[in-house]
Amino acid sequence: HPSVLHPCPGRRDLNPKRKPPRKKTPPSAKQIAIRRAGSTSARELVHPRSVARRADDLEEVRAMLAAGEIDVAEDELRWLVGGCSVLLEGHKLLGQIAAGDKNWELARAHFAYAYQLGLDAATRAKHDGTLPYALTGNRDLHEAGRGLAEALLNLDQRDLARQIIDQLLVWDPTDPLGVKELRNS
């Protein structure tokens, strides 16, 4: 009987020491996505599970930052983003630390990485509408974008800063973070 010879129909490798191949996670499960937010045309960023698994670690980092333990928080954030490159909040926080030290090149790099994660998600979704700051999933993107614009202005890259500002205003015309003020800086 065939089932006696091949306990797993369709499986040809009967080596008991060899593990079956792991199912690969689809690329979309490792990327930030966008979902409709209610019945409006507004959208919200949806972060992958790898980000959700680091929520407790990020909470600890926020507590470290609030307690003034900047160096320890920075080390923890570097470790976190090293293990999860799509950790948008982690890159935003590293950018804020660098901006606090007036290290504008490093701030620009971290803010730009975080901003690019959101921009890539919008591009993949072919979404050119709003990503309002009021929706929790979008806040880090907007804060990173504002930080990026400030860093670019401090690096005298005004044209690029204006492009970032313009995109932030498309995503949220209500301008909750006051990015219009930066446009004339």
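Along the sequence shown, residues are numbered consecutively beginning with 1.
- Using cut-offs of 30° and 60° for the angle between ring planes, the His91 and Tyr113 rings count as tilted.
- Between Pro132 and Thr174 the shortest side-chain heavy-atom distance does not fall below 4.5 Å.
- Note: the hydrophobic cluster containing Leu94 also contains Trp79 (ILVMFWY, side chain heavy atoms under 4.5 Å, direct or indirect links).
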Checklist entry - What's the verdict on side chain to side chain contact (heavy atoms under 4.5 Å, CB included) for Lys30 and Val86, showing C-alpha distance, side-chain angles and the deciding distance? => result CA-CA 8 Å; Lys30 296 177 185 177; Val86 295; over 6 Å; no
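- Counting heavy atoms from C-beta on, the side chains of Arg43 and Arg35 never come closer than 4.5 Å.
- Here the CG-CG distance, from Leu65 to Leu77, works out to 6.5 Å after rounding to the nearest 0.5 Å.
- Residue Ile70 holds its CD1 atom at 11.5 Å from CG of Asp75, rounded to the nearest 0.5 Å.
- Between Thr136 and Arg139 the shortest side-chain heavy-atom distance falls below 4.5 Å.
- No single ILVMFWY cluster, assembled from side-chain heavy atoms under 4.5 Å apart, contains both Trp104 and Leu153.
- Cluster annotation: Leu148 is connected to Leu169 through the hydrophobic network of ILVMFWY side chains, with a link wherever side-chain heavy atoms come within less than 4.5 Å.
- Below 30°, between 30° and 60°, or above 60°: for His142 and Tyr133 the angle between ring planes is above 60°, a perpendicular geometry.
- Note that NE2 of His47 and CZ of Arg53 are 14.5 Å apart. Values are rounded to the nearest 0.5 Å.
- For Glu143 and Arg146, the salt-bridge test fails: no basic side-chain N is under 4.0 Å from an acidic carboxylate O.
- Interatomic distance, CE of Met64 versus CD of Glu59, reported as 11.0 Å (0.5 Å rounding).
- Taking both residues in full, the closest heavy atoms of Ala161 and Ala149 are given as CB-O, 3.7 Å, listed atom of the first, atom of the second, then distance.
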Checklist entry - Do Asn138 and Trp171 pass the side chain to side chain contact (heavy atoms under 4.5 Å, CB included) test, and can you show the C-alpha distance, the side-chain angles, and the key distance before you say yes or no? => result CA-CA 9 Å; Asn138 298 339; Trp171 286 337; over 6 Å; no
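- Looking at heavy atoms from C-beta onward, Leu117 lies out of side-chain contact with Gln31 at the 4.5 angstrom threshold.
- A salt bridge links Arg158 to Asp156: at least one charged side-chain nitrogen sits closer than 4.0 Å to a carboxylate oxygen.
- Between Asp175 and Lys180 there is no salt bridge, since no side-chain N of the basic residue sits under 4.0 Å from a carboxylate O of the acidic one.
- Hydrophobic clustering of Ile, Leu, Val, Met, Phe, Trp and Tyr side chains at less than 4.5 Å, counting indirect connections, unites Leu119 with Leu182.
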Item to check | Residues Arg62, Glu89; criterion salt bridge (Lys or Arg N to Asp or Glu O under 4.0 Å); working and verdict | outcome: CA-CA 11 Å; Arg62 286 187 222 103; Glu89 183 182 3; 2.8 Å; yes
Next on the checklist: His110 vs Ile97, test: side chain to side chain contact (heavy atoms under 4.5 Å, CB included). Steps then yes/no.
Outcome noted: CA-CA 10 Å; His110 282 296; Ile97 291 169; over 6 Å; no
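- Separating the CD1 atom in Ile164 from the CZ atom in Arg162 is a distance of 13.0 Å, to the nearest 0.5 Å.
- For the residue pair Leu88 and Gly118, the shortest heavy atom distance occurs at CD1-N, 4.2 Å.
- Across all their heavy atoms, Ala107 and Ala99 have their closest contact at CB-N, 3.7 Å.
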Next on the checklist: Evaluate Asp172 against Leu168 for side chain to side chain contact (heavy atoms under 4.5 Å, CB included), listing each step before the verdict.
Outcome noted: CA-CA 6 Å; Asp172 194 336; Leu168 290 171; over 6 Å; no
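- Between Leu45 atom CG and Ile32 atom CD1 the span is 6.0 Å, to the nearest 0.5 Å.
- Checked for salt-bridge contact, Arg54 and Asp57 miss the test: no charged N lies under 4.0 Å from a carboxylate O.
- Note on Val51 and Val61: same hydrophobic cluster, where clusters join Ile, Leu, Val, Met, Phe, Trp and Tyr whose side-chain heavy atoms are under 4.5 Å apart, directly or indirectly.
- The shortest non-hydrogen separation linking Val170 to Thr130 is O-CG2, 3.8 Å.
- Using a 4.5 Å heavy-atom cutoff, the side chains of Ile34 and Glu44 are not in contact.
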